[in-house]
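The basis for the numbers below is simple: all heavy atoms, side chains too, and nothing from hydrogens, waters or symmetry mates. Quantities reported herein were computed from a predicted structural model and do not represent experimental measurements. Counting starts at 1 for both ligands and their atoms, following the listed order.
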Amino acid sequence: MSSTPTTAPTDTEIALRPAEMHLYKPAEPATAVVTKTEICTAGKKAAGYVRHIEFDVSGTNLVGRAIPGQSIGVLAPGVDAMGKPHKLRLYSLASPTGGEDGQGRILSTTVKRTIDEHWDTHKLFLGVCSNYLCDLQVGDKVQLTGPSGKKFVLPQAAEQHDYLFFATGTGIAPFRGMVMDLLASKANCRVTLVMGTPYATDLLYHEQFTRLAAAHSNFRYLPAISRERNAGPQGPAQHGKLYVQDRLKTDAEELLPLLRSSRTLIYICGIAGMEMGIFQQIATLLSGSDLEQYIRTDAATMEKRANWERSMLHKDIKLSKRIFMEVYA
Ligand code: A2P
């Protein structure tokens, strides 16, 4: 375990790992081959269908050049209702820097089937690309672009920081690769992953994270189950239903020193809106220079923090460079 200095640094830019961009574009995509596709929810009876899908990119320029926090683009075959080719869809990589194989040849991602009803006709709606990907079989070819994204990656001097990762749903994907990278590097950093899902059966890569937490004393894995009380992985029964930000309270003894430390970086990935609950909780738990390490606001805004909204970000609520976010509607 590393020490926990508590002085607040100035809000300096954090140099991130260099990320290569757009090696392949839609007009000339790379061809990869599916090598694995498996359900990655904790329970077979999970409410959603989420798959871990691996692609062999051997023979392409993607080998060893896509890092956690980046996305790959997928081109689903066929055309849309207007007769135009389907648009590119981006999927976060779930693989570590060395890929699933340690050689950078096998990339992976985490895909949830989009299944819904059209609100006007109440007919079944199936998301084009997610269902295309989840239907793929081992040996099938797929057209990929990218990688893309360079703002949600780990810092270059990764060992100089501790990490608080907050994920909901498939927002877990980048953290799987990051956690694997950080633990494999044997850097003496503390890594805490808080993962939110509606039910315990929806937890993704639960076995893998449980195993990693048992093997690495510097890694904590904290599930937060929102619709079930006393869910097994949640820990003590008195915790009840939890959102990810509630873990800052239930596990305050461990997480408060982490928040106060000047080494800590916060990464948030998942459903849009989740970040506000995290910021409200941080503003409740911290004050003064501890708080300013992450959030700057005035007294009136602070007073009304129960009503903070996303539209207030960057204006009334200013975030420091130690918060990284990738949230989606
Ligand atoms: P809930 O839907 O019970 O309110 P998934 O992507 O698998 O649906 O999981 C998303 C998880 O994020 C759910 O547990 C969901 O809870 C939770 N969630 C939804 N809105 C927020 C929010 N504003 N802050 C934190 N967690 C949220």
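- Considering only non-hydrogen protein atoms, atom 4 (O) of ligand 1 sits nearest to Tyr243 OH, 2.5 Å.
- Using a cut-off of 4.0 Å between Lys/Arg side-chain N and Asp/Glu carboxylate O, Glu275 and Arg310 are scored as salt-bridged.
- At the top of the distance list for atom 14 (O) of ligand 1, counting protein heavy atoms only, stands Ser226 OG, 2.7 Å.
- We find that Asp80 and Lys84 are not joined by a salt bridge, their nearest charged nitrogen and carboxylate oxygen being 4.0 Å or further apart.
- For a threshold of 3.5 Å applied to N or O pairs, the pair formed by Pro198 and ligand 1 contains at least one separation below that value.
- For Gly277, the closest heavy-atom approach to ligand 1 does not fall below 4.0 Å.
- Other residues, nucleotides and ligands contribute at most 12 non-hydrogen atoms within 6.0 Å of the CD atom of Glu207.
- Between Glu253 and Arg220, none of the side-chain N atoms (NZ, or NE/NH1/NH2) sits under 4.0 Å from a carboxylate O, so this pair counts as no salt bridge.
- Atom 6 (O) of ligand 1 has its closest protein heavy atom at Gly169 CA, 3.5 Å.
- Polar contact with ligand 1: present for Thr197 (N/O pair, distance under 3.5 Å).
- A salt bridge links Asp135 with Arg113; the closest basic N to acidic carboxylate O contact falls under 4.0 Å.
- Between Thr170 and ligand 1, not a single N/O pair is under 3.5 Å apart.
- Using the six-membered ring where Trp is involved, Phe209 and Tyr221 have ring planes that are tilted, between 30° and 60° apart.
- Residue Thr168 places no N or O, backbone or side chain, under 3.5 Å from any N or O of ligand 1.
- By the 4.0 Å heavy-atom criterion, Lys241 is excluded from the residues contacting ligand 1.
- Phe324 and Tyr267 have parallel rings, their planes meeting at less than 30° on a 0 to 90° scale where 60° marks the start of perpendicular.
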